[in-house]
Asker: 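Sharing a structure below in structure tokens format, with a few things to ask.
Note: hydrogens, waters and symmetry copies are ignored here, and every other heavy atom, side chains too, is used.
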Amino acid sequence: MPETPLLDTVTVPADTRGFSTAQLRQLADELRAETIDAVSVTGGHLGSALGVVELTVALHHVFETPDDILIWDVGHQCYPHKILTGRRDRIRTLRQGDGLSGFTKRSESEYDPFGAAHASTSISAALGFAAARDQQGKANKVVAVIGDGSMSAGMAYEAMNNAVEGTNGQLMVVLNDNDMSIAPPVGGMSAYLAKLVSGGAYRSVRKLGRDFAQHLPRPFRQAAKKAEEYARGMVTGGTFFEELGFYYVGPIDGHDMEHLVPVLKNAAAITDRPVLVHVVTQKGKGYAPAEDSADKYHGVVKFDVVSGKQAKAISNAPSYTKVFGTELIKHARRDPKVVAITAAMPTGTGLDLFGQAFPDRTYDVGIAEQHAVTFAAGLAADGMKPFCAIYSTFLQRGYDQVVHDVAIQKLPVRFAMDRAGLVGADGATHAGSFDIGFMGALPGMVLMAAADEADLAAMIATACEIDDRPSAFRYPRGDGVGVEIPDLAAPLEIGRGRIVREGTSVALLSLGTRLQETLKAADLLAARGVSATVADARFAKPLDAELILRLAREHEALITVEEGAMGGFGAFVLQLLAEEGALDHGLKVRSLHLPDVFQDQDKPEVQYAEAGLNAEHIAATALVALGVDASRAARA
């Protein structure tokens with residue numbers, strides 16, 4: 001545990017309001033040490049948190065949180081914020097079961113006024129808070145902190161475009177520039193200019209000039225306004241934000257407390273228009289292993305503080321993400337029309353590997369899922385074979401484009417949906433729970449779910465061959481099961497499942513990677529004298545109607561198993577059975593799916609137990625349906 005004498009005196013942000021600049025610098029140093037030590041125990045988003053330590057201290061010092069609203073975009077950089085806002089005693093429970101969330105969360109603290117985990121929502125939410133304040137006649141301040149990566153999403157600009165009309169009072173956006181290098185070099189002169197243009201004297205002179213210009217003819221008045229904004233923009237680089245109606249201040253060094261605090265104070269006093277404060281920070285700041293790492297320790301597992309070495313488990317099987325990347329490379333070598341699109345997640349989707357092999361055929365569009373989908377649609381419309389790799393939970397943001405720009409036009413965009421299902425420590429915001437339902441609802445969509453890494457390879461091959469309609473395949477976070485992958489997997493017959501094990505009494509129909517648990521459930525049932533057929537559906541759309549109806553005819557009970565929300569595969573199967581009259585003669589049907597709640601973060605095995613999707617629960621459900629020792633099965 002690091003020594004933190006000053007931090008030990010801070011219980012809530014109000015305790016920092018009387019601190020001197022020197023004390024604020026000391027507090028930031030101790031807060032950084034505490035953050036490093038805590039994340040070494042829990043794992044999490046370290047680099048982004050270290051980059052905003054000074055900014056976090058300065059914001060809570062200047063603004064009267066929680067009365068003043070402070071919103072963190074994405075929320076993955078909020079660990080220092082949590083330590084300062086009364087949660088230090090629980091900080092080593094980050095991302096653990098019943099512990100603190102790795103993101104901001106309204107139910108966790110009054111200092112988290114708006115929950116986040118997806119990017120680019122902060123300015124819209126802040127504008128909503130500002131408008132609510134205006135409507136209620138309150139005088140509190142509202143601040144949104146957004147990273148430069150999040151500024152690649154259209155939603156941020158939609159909010160900024162509306163900001164001047166959305167509030168008639170104070171609103172501040174802090175642009176945390178730590179990656180894109182959109183700022184000129186920072187130093188004493190830029191800090192001086194930022195302080196100057198945010199100060200009352202400059203703004204008074206500026207107001208006097210505006211008042212004088214009001215008496216000029218309209219063309220001269222407009223020219224004077226533009227001249228002042230462009231002159232200031234040439235010095236500070238903020239002309240673009242000025243055009244959106246913001247008063248631009250910056251860039252300033254986000255680690256220099258002597259400059260940061262007075263500029264924030266000055267900017268907080270600007271109430272006649274929204275203000276954007278541009279701060280430049282270093283991701284991973286203050287921790288050498290993070291500073292030296294290519295990804296700045298963006299996401300880490302538990303690690304040794306001294307060496308920075310992460311305690312990564314050794315796996316005997318490749319991750320599904322890596323399988324996707326390597327298999328797509330195989331097809332791209334054979335077909336020059338194969339291209340790949342990601343929305344700012346090349347490593348997370350495996351397209352970093354594809355990008356190394358085919359840099360000219362890889363497109364990272366930034367945090368812009370809507371654009372990614374329609375961009376892929378344009379590629380498909382002109383004869384290319386685009387694979388649009390987006391996490392299931394992030395594809396939700398581009399669903400209108402999937403419907404309008406892809407499905408209606410029957411364009412062969414191939415959607416690779418990573419992180420399908422539960423995601424452990426990342427919790428509800430990142431769980432891919434709904435894609436089976438929302439993709440399966442679309443006419444013409446081919447929707448597949450891989451049961452293992454060989455299945456995934458075959459589904460990539462299948463998608464390559466589908467050229468008359470859209471297709472999608474889902475696969476989970478984590479490692480495969482260790483099956484052998486062919487040198488070049490053959491495509492699957494569209495809409496055909498497979499029988500994995502033959503039985504007589506109950507049919508267990510699995511979609512996706514719960515197949516291994518379903519096979520274990522069949523073993524448990526066999527030990528109870530119950531013979532089970534195990535089938536792998538492979539396709540949620542089109543359904544293998546022949547297989548499903550055969551299972552219904554030949555078994556007393558049918559259990560569907562999926563790692564998705566209700567209204568998905570089980571619902572599709574039930575609708576087929578109802579339409580075909582297969583429910584008219586006593587067939588017992590049960591549907592196992594994710595529970596109708598947003599599951600909090602925990603270890604995956606705990607989440608699966610809560611969801612009732614492990615072997616014991618599958619077997620118990622089958623026994624209850626069959627009426628075999630139902631009371632004991634229900635307690636299993």
Asker: For a quick check under 3.5 Å, do Asp364 and Thr342 share a side-chain donor-acceptor pair by atom type?
Answerer: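 Absent: no donor and acceptor within the cut-off.
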Asker: So that I know where these two stand, are His278 and Phe241 an aromatic pair - ring centroids less than 6.0 Å apart?
Answerer: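 Between His278 and Phe241, the centre distance exceeds or equals 6.0 Å.
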Asker: Surrounding CG of Asp89 (heavy atoms of other residues, nucleotides or ligands, distance under 6.0 Å), is the total greater than 12?
Answerer: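 Yes - once you tally the heavy atoms of other residues, nucleotides and ligands closer than 6.0 Å, there are more than 12.
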Asker: Which label fits Phe598 and Phe434: parallel for a plane angle under 30°, tilted from 30 to 60°, or perpendicular past 60°?
Answerer: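 Plane angle over 60°, so perpendicular.
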Asker: May I ask you to check whether Glu562 and His593 show a side-chain donor-acceptor distance below 3.5 Å?
Answerer: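 Side-chain D/A pair, Glu562 to His593: absent.
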Asker: Using the benzene-type ring in the case of Trp, are the ring centres of His404 and Tyr399 under 6.0 Å apart?
Answerer: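 No, ring centres 6.0 Å or more apart.
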Asker: Could you label the plane-to-plane angle of the Phe387 and Phe324 rings as parallel, tilted or perpendicular, counting under 30° as parallel and over 60° as perpendicular?
Answerer: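 Answer is tilted, since the angle falls between 30° and 60°.
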Asker: For the side chain to side chain donor-acceptor pair (under 3.5 Å) test, which of Lys105, Lys82, Arg87 pairs with Asp112?
Answerer: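 One option only clears the test, and that one is Arg87.
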Asker: Among side-chain atoms of Ser392 and Asp435, is any donor-acceptor pair under 3.5 angstrom?
Answerer: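 Looking only at side-chain atoms, Asp435 and Ser392 do form a donor-acceptor pair, the distance falling under 3.5 Å.
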Asker: Can Arg477 and Ser319 be counted as having a side-chain donor-acceptor contact under 3.5 angstrom?
Answerer: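 No pair is found: no donor N or O on one side chain lies under 3.5 Å from an acceptor on the other.
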Asker: More than 12 heavy atoms of other residues, nucleotides or ligands under 6.0 Å from CD of Gln135: is that the case?
Answerer: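 Counting neighbours around CD of Gln135, 12 or fewer heavy atoms of other residues, nucleotides or ligands fall under 6.0 Å, so no.
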Asker: Which is it for Arg474 and Thr513 under the side chain to side chain donor-acceptor pair (under 3.5 Å) test, yes or no, and what are the steps along the way?
Answerer: CA-CA 10 Å; Arg474 72 190 314 255; Thr513 48; over 6 Å; no
Asker: Under 3.5 Å, side-chain donor or acceptor atoms of residues 69-80 against the rest of the protein: list the pairs with distances, not counting sequence neighbours.
Answerer:
| residue | atom | partner | partner atom | Å |
| --- | --- | --- | --- | --- |
| Trp72 | NE1 | His81 | ND1 | 3.4 |
| Asp73 | OD1 | Ser120 | N | 2.6 |
| Asp73 | OD1 | Ser150 | OG | 3.1 |
| Asp73 | OD2 | Ser120 | N | 3.3 |
| Asp73 | OD2 | Thr121 | N | 3.1 |
| Asp73 | OD2 | Ser122 | N | 2.9 |
| Asp73 | OD2 | Ser122 | OG | 2.6 |
| Gln77 | OE1 | Gly75 | N | 3.2 |
| Gln77 | NE2 | Asp73 | O | 3.0 |
| Tyr79 | OH | His45 | N | 2.9 |

Asker: Answer yes if the side chains of His298 and Lys283 hold a donor-acceptor pair under 3.5 Å, and no otherwise.
Answerer: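 The answer is yes; a qualifying pair exists.
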Asker: Please determine, by modelled atom types, if Arg88 and Thr11 share a side-chain donor-acceptor pair under 3.5 angstrom.
Answerer: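 No donor-acceptor contact under 3.5 Å links the two side chains.
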